[in-house]
Novice: 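This structure is in structure tokens; I'll ask about it shortly.
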Amino acid sequence: MLRWMMLKLSQSTQMKNLLMRFSSFRKAKERFVAGETLDELVTVVKRLNSSGMKTSVDYLGENVSSPEQAAMNKAMYFSLLDRIRHEHLDSHVSVKLTALGLDINEHICAQNLEDIVAKVRDTGSFVRIDMENSPYTERTLQAYRTVRRKYSHVGAVIQSSLYRSQQDVMGLIKEDIANIRLCKGAYLEAKTIAFPQKKDVDQNYLVLAKLLAESTYTNDVYPAYATHDEKMITSIKNHTKKIGLPLQWFEFQMLYGIRPDLQKQLMDEGYIVRVYVPFGKDWYGYFCRRLAERPANVWFVMKNLFR
Ligand SMILES: Cc1cc2nc3c(=O)[nH]c(=O)nc-3n(C[C@H](O)[C@H](O)[C@H](O)COP(=O)(O)OP(=O)(O)OC[C@H]3O[C@@H](n4cnc5c(N)ncnc54)[C@H](O)[C@@H]3O)c2cc1C
């Protein structure tokens, strides 16, 4: 119920305008968002890199409604990539296609994506195309396929919450383009599209995690396991050990501000750990999704709001 409410709130402009008036609400986002400016972001990335963590940076700003906004987002990715190169940051970038104009026009979005991917090639970095809610799933995977035909340093995201995901994973493996971040899925979805029960989402996560791990021997597959769930992580560790998968053939990913203890523990055990670091002024939707994932986060913010 709380998850449903927070995910609904994440889409409400009225609530956004109301909540943004509270300085305690704006302050609370600092736990999950690296800052609003590129300089603040770079400080956080340098700190994470110096402790041995790799990063993937997301410039917040989904669902743009004009080509100009999409072009501004692209320009920010260009500036970000320049900073990554000049300051030798160990970082990938993550992009959302609705930030690049998917709601306006697929061609504008595809061109913006290709421009970013082409620029990334010169920096030696990598682009992960984030997965948004289910109205975008098919178009996002198609855009991925198109750009992946030309460039290898780009990857997709699959959500274990969706019924279709097993087919999608098998398709990408068969096509030899399964550089996949596997997550559970952060959005509100209908029962006709996604597993309504968390236990089924978790079970599907493990099925897909094993499928990806086992396919690395025969196909060009690179799994990035994005979860903070210790049960998932322990199963993946046990399974990859059992099949003898080298630690460099996959990675764990977690969100900035969530389970830094577990991130460090995995790194100390020799696993590759990448932290997803969002920044930018448009943090409201991202922040509400993080609150939705854990009731304690909501109570913490509410307590401060009414103090
Ligand atoms: C690197 C990365 C990239 C992602 N990219 C996408 C994407 O492209 N598309 C998409 O739909 N989703 C994405 N997600 C979000 C993901 O789908 C889940 O919503 C989120 O990770 C919570 O699921 P979980 O696997 O951690 O498991 P859960 O079962 O939700 O949580 C397991 C445990 O992790 C901890 N935890 C989880 N979330 C929080 C939180 N917000 N605050 C504090 N503790 C928490 C708690 O201890 C919890 O008990 C991404 C997640 C990560 C880690």
Side-chain angles (χ1 to χ4, degrees), residues 6-21 25-26 29 32-42 56-84 92-123 125 127-148 150-151 154-157 159 186-189 276-290:
M6 287 313 299
L7 290 176
K8 279 281 175 203
L9 279 190
S10 74
Q11 296 161 345
S12 160
T13 314
Q14 271 171 326
M15 277 313 284
K16 176 180 173 183
N17 293 339
L18 175 69
L19 288 168
M20 291 297 253
R21 290 195 208 144
F25 184 76
R26 297 195 304 274
K29 64 109 172 38
F32 301 119
V33 177
E36 296 196 351
T37 66
L38 203 44
D39 283 338
E40 287 171 314
L41 176 269
V42 168
S56 185
V57 173
D58 169 38
Y59 178 55
L60 297 162
E62 54 211 76
N63 294 108
V64 300
S65 52
S66 74
E68 292 73 27
Q69 275 177 301
M72 275 163 58
N73 283 346
K74 178 171 75 174
M76 182 51 101
Y77 272 100
F78 277 25
S79 305
L80 168 63
L81 288 162
D82 286 337
R83 296 288 293 265
I84 289 177
H92 293 173
V93 294
S94 290
V95 296
K96 286 189 175 52
L97 293 189
T98 65
L100 301 182
L102 188 57
D103 284 333
I104 312 162
N105 176 316
E106 283 179 24
H107 300 294
I108 291 179
C109 174
Q111 190 57 58
N112 286 335
L113 176 65
E114 183 166 350
D115 291 347
I116 291 174
V117 175
K119 169 125 181 140
V120 166
R121 186 183 44 193
D122 306 331
T123 65
S125 183
V127 185
R128 178 75 59 186
I129 305 174
D130 283 351
M131 186 55 82
E132 299 175 72
N133 46 340
S134 59
Y136 301 108
T137 311
E138 186 57 33
R139 283 180 287 164
T140 302
L141 289 177
Q142 282 314 331
Y144 168 61
R145 285 188 164 92
T146 306
V147 78
R148 184 66 168 73
K150 280 175 87 172
Y151 303 93
V154 56
V157 176
Q159 299 154 326
Y187 299 89
L188 211 51
E189 300 288 359
Y276 182 100
V277 190
F279 83 107
K281 288 192 189 334
D282 198 2
W283 46 263
Y284 176 78
Y286 178 88
F287 181 54
C288 287
R289 291 198 292 276
R290 300 298 73 84

Novice: When you check the side-chain N and O atoms of Y276 and D130, is any donor under 3.5 Å from an acceptor?
Specialist: yes
Novice: Could you tell me the separation between the CZ atom of R145 and the OG1 atom of T140, rounded to the nearest 0.5 Å?
Specialist: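 Taking CZ in R145 and OG1 in T140, the distance rounds to 11.5 Å.
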Novice: Does any part of the side chain of N133, heavy atoms only, come nearer than 4.5 Å to the side chain of L188, both counted from C-beta?
Specialist: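 Heavy-atom side-chain distance check fails, nothing below 4.5 Å.
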Novice: Take L80 and V42 through the test side-chain contact (heavy atoms from CB on, under 4.5 Å) and record every step on the way to the result.
Specialist: CA-CA 9 Å; L80 168 63; V42 168; 5.8 Å; no
Novice: Give a yes or no on whether the backbone of A75 and the side-chain of S79 come within a donor-acceptor separation of less than 3.5 Å.
Specialist: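 Judged by distance alone, yes, a pair lies under 3.5 Å.
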Novice: Flag the pair L19 / Y284 as yes when at least one side-chain heavy-atom distance between them is below 4.5 Å, and no otherwise.
Specialist: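 A side-chain contact exists here, since the closest heavy-atom pair is under 4.5 Å.
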Novice: Once rounded to the nearest 0.5 Å, what's the spacing between atom OG1 of T146 and atom OH of Y151?
Specialist: 12.5 Å
Novice: Taking salt bridge (Lys or Arg N to Asp or Glu O under 4.0 Å) as the definition, give me every residue that meets it alongside K16, ordered by chain and number, with sequence neighbours left out.
Specialist: D282
Novice: With no hydrogens and no angle check, just 3.5 Å: does a side-chain donor-acceptor pair link E62 and T98?
Specialist: no
Novice: Tell me, yes or no, whether the heavy-atom count around M72 atom CE, taken from other residues, nucleotides or ligands under 6.0 Å, exceeds 12.
Specialist: no
Novice: Is there a donor-acceptor contact under 3.5 Å from the side chain of Y136 to the main chain of L141?
Specialist: no
Novice: Assess K29 against F287: is NZ or CZ under 6.0 Å from the centre of the six-membered ring, and within 45 degrees of the ring's axis?
Specialist: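 Judged by the rule, K29 and F287 form no cation-pi pair.
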Novice: Is V33 close to R290 at the side-chain level, that is, under 4.5 Å between some pair of heavy atoms?
Specialist: no
Novice: Is any side-chain heavy atom of V64 closer than 4.5 Å to a side-chain heavy atom of D103?
Specialist: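 With C-beta onward as the side chain, the pair stays apart.
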Novice: Are the side chains of E40 and F279 in touch, meaning some heavy atoms are under 4.5 Å apart?
Specialist: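 Not touching, per the 4.5 Å side-chain cut-off.
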Novice: I'd like to know if R128 and D58 make a salt bridge, using a cut-off of under 4.0 Å between side-chain N and carboxylate O.
Specialist: no
Novice: Please name the pair of heavy atoms, one in L38 and one in R83, separated by the smallest distance, quoted to 0.1 Å.
Specialist: CD2-CG, 3.9 Å
Novice: How about K119 and Y77: do any of their side-chain heavy atoms sit closer than 4.5 Å?
Specialist: no
Novice: With side chains defined as the heavy atoms from C-beta onward, is the minimum distance between R289 and L7 less than 4.5 Å?
Specialist: yes
Novice: Taking side-chain hydrogen bond (donor to acceptor under 3.5 Å, both in side chains) as the definition, give me every residue that meets it alongside Y59, ordered by chain and number, with sequence neighbours left out.
Specialist: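 Checked Y59 against side-chain hydrogen bond (donor to acceptor under 3.5 Å, both in side chains); zero matches.
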Novice: Can a side-chain donor-acceptor contact be found between N73 and Q69 if the only test is distance below 3.5 angstrom?
Specialist: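 No - no donor-acceptor pair under 3.5 Å links their side chains.
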Novice: Considering non-hydrogen atoms only, spot the tightest contact between C109 and G101 and give its length.
Specialist: CB-C, 3.8 Å
Novice: Kindly compute the distance separating CZ (R121) from CG (L81), expressed to the nearest 0.5 Å.
Specialist: 13.0 Å
Novice: Between the main-chain N or O of H107 and the side-chain N or O of N105, is there a donor-acceptor pair closer than 3.5 Å?
Specialist: yes
Novice: Would you say Y187 and Q11 make side-chain contact, with heavy atoms under 4.5 Å?
Specialist: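 When only atoms from C-beta onward are counted, Q11 and Y187 do not touch, as no gap falls below 4.5 Å.
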Novice: How far apart are the C-alpha atoms of R26 and W283, what are their side-chain angles, what is the distance that settles it, and do they pass the side-chain contact (heavy atoms from CB on, under 4.5 Å) test?
Specialist: CA-CA 9 Å; R26 297 195 304 274; W283 46 263; 4.2 Å; yes
Novice: Minimum heavy-atom separation for I104 to P67, with atom names?
Specialist: CD1-N, 3.5 Å
Novice: Which distance, rounded to the nearest 0.5 Å, do you find between the OG of S125 and the NE2 of H92?
Specialist: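 One gets 5.5 Å once the value is rounded to the nearest 0.5 Å.
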Novice: Rounded to the nearest 0.5 Å, what separates atom CG in D115 from atom CZ in F78?
Specialist: 5.0 Å
Novice: Salt bridge (Lys or Arg N to Asp or Glu O under 4.0 Å) with E132: which residues, sequence neighbours excluded?
Specialist: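 Salt bridge (Lys or Arg N to Asp or Glu O under 4.0 Å) check on E132 returns nothing, list empty.
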Novice: Test your reading of the model: is there a side-chain donor-acceptor pair from S12 to the backbone of L9, 3.5 Å cut-off?
Specialist: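 No, S12 side chain to L9 backbone: no donor-acceptor pair under 3.5 Å.
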Novice: Dump the intermediate steps for side-chain contact (heavy atoms from CB on, under 4.5 Å) on I129 and L97, then the final yes or no.
Specialist: CA-CA 7 Å; I129 305 174; L97 293 189; 3.7 Å; yes
Novice: Atom CG in L100, atom CD1 in I116: separation rounded to 0.5 Å?
Specialist: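 Spacing of CG (L100) from CD1 (I116) equals 4.5 Å.
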Novice: Between E114 and A110 (side chain of the first, backbone of the second, donor and acceptor by atom type, cut-off under 3.5 Å), is there such a pair?
Specialist: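 Side chain of E114 to backbone of A110, a donor-acceptor pair under 3.5 Å: no, none is there.
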